[in-house]
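Okay, structure first, notes after.
Since the structure is predicted, the reported quantities are computational estimates derived from the model, not experimental observations.
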Amino acid sequence: MTQSILYETRGPVALITLNRPNRLNALDQPMLEALQAACDRAEADDAVGAVVLTGAGKAFSSGFDLQAQAAATPQGVDEWRPVLRRDFDAAMRFWHLSKPTVAAVRGPALAGACEMAMACDVTVAAEDAIFGEPELLPWIVGPKRAKEIILLGLDRISAGEAHAMGLVNRVVPAGRDVEEALAIARRMAAMDRTLVKETKRAINRTYELMGMGEAL
């Protein structure tokens, strides 16, 4: 059986790959559990100084697997709450990881997967990347642009547009996204680990004080 999440180390960098290319790396429950386990592994490994998240094949991810969810659609608040909490925690794990995280995005990064890419500390996008509907938008691009995107249903934001509005840090030629992300991650991993950890925690804490966690 093919592993839905691949984990490997490249020197001081852990490379985590979403690996359901036949489904555009759609995120189902077993995959989310494996993703959390991969994050636990990276967090616990003192040799790992940074983490890169990417997707296999032509896409980062199309988001949460609605086909799998439709087979057993939750009913009512009590059934929906744990499902949404699981999805939310998976996306935000890269925000809360103590080590710096870098997303390498090619092709679609939609819905919950877009959220996951935005939750990473740095996002590298290939020129063919497409972004859509992240709930983190107001905290990254401001309320005016966020409302425009969400209220108009603009779910095909190009890499160039994403860079212009601050959704991603760098745009690179197609096929260079993982290479660039690994280079950034290696540089982060070479810095003083305590300094990096505390800096990330301090910046995240600023957003928590502004109420981001409660709002999301």
Of the non-hydrogen atoms in [X] and [Y], which two are nearest, and what is the gap between them?
X      : Y      : value
Ala56  : Pro21  : O-CB, 4.0 Å
Ala126 : Ala159 : O-CB, 3.3 Å
Ala185 : Ala50  : O-CB, 3.4 Å
Ser4   : Arg20  : CB-CG, 4.1 Å
Ala162 : Phe131 : CB-CD1, 3.8 Å
Gly132 : Cys114 : O-CB, 3.5 Å

Do you reckon [X] sits in the same ILVMFWY cluster as [Y], going by side-chain contacts under 4.5 Å, direct or chained?
X      : Y      : answer
Val178 : Leu35  : no
Val13  : Val172 : yes
Met165 : Ile130 : no
Leu32  : Ile16  : yes
Val122 : Trp139 : no

If only atom types and distance count, is the side chain of [X] paired as donor or acceptor with the main-chain N or O of [Y] below 3.5 Å?
X      : Y      : result
Glu43  : Ser98  : yes
Asn19  : Ile5   : no
Glu161 : Ser158 : yes
Ser61  : Gly63  : yes
Asn25  : Phe60  : yes
Asp155 : Leu110 : no
Arg170 : Val124 : no
Thr123 : Ala117 : yes

Output yes when Arg201 and Glu198 qualify as a salt bridge under the 4.0 Å nitrogen-oxygen rule, no when they do not.
yes
N-O pairing of Asp89 and Arg85 below 4.0 Å
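Yes, charged N to carboxylate O under 4.0 Å.
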In Å and rounded to the nearest 0.5 Å, what is the [atom1] to [atom2] distance from [X] to [Y]?
X      : Y      : atom1 : atom2 : value
Asp65  : Gln29  : CG    : CD    : 11.5 Å
Asp121 : Leu97  : CG    : CG    : 8.5 Å
Leu209 : Asn204 : CG    : CG    : 11.0 Å
Lys58  : Arg106 : NZ    : CZ    : 11.5 Å
Arg145 : Ile140 : CZ    : CD1   : 13.5 Å
Glu115 : Phe64  : CD    : CZ    : 8.0 Å

Heavy atoms, side chains only, cut-off 4.5 Å: are [X] and [Y] in contact?
X      : Y      : answer
Leu137 : Leu167 : yes
Val48  : Arg41  : no
Thr54  : Leu15  : yes
Arg23  : Asp28  : no
Arg10  : Val52  : no
Arg193 : Asp46  : no
Val102 : Met188 : yes
Arg93  : Thr101 : no

Counting only heavy atoms not in [X], do more than 12 fall under 6.0 Å of its [atom1]?
X      : atom1 : answer
Met210 : CE    : yes
Glu8   : CD    : yes
Tyr207 : OH    : no

Given side-chain contact (heavy atoms from CB on, under 4.5 Å), test Val105 with Asp177 step by step and report yes or no.
CA-CA 6 Å; Val105 180; Asp177 49 296; over 6 Å; no
Take Lys197 and Thr199 through the test side-chain contact (heavy atoms from CB on, under 4.5 Å) and record every step on the way to the result.
CA-CA 6 Å; Lys197 178 180 179 179; Thr199 298; over 6 Å; no
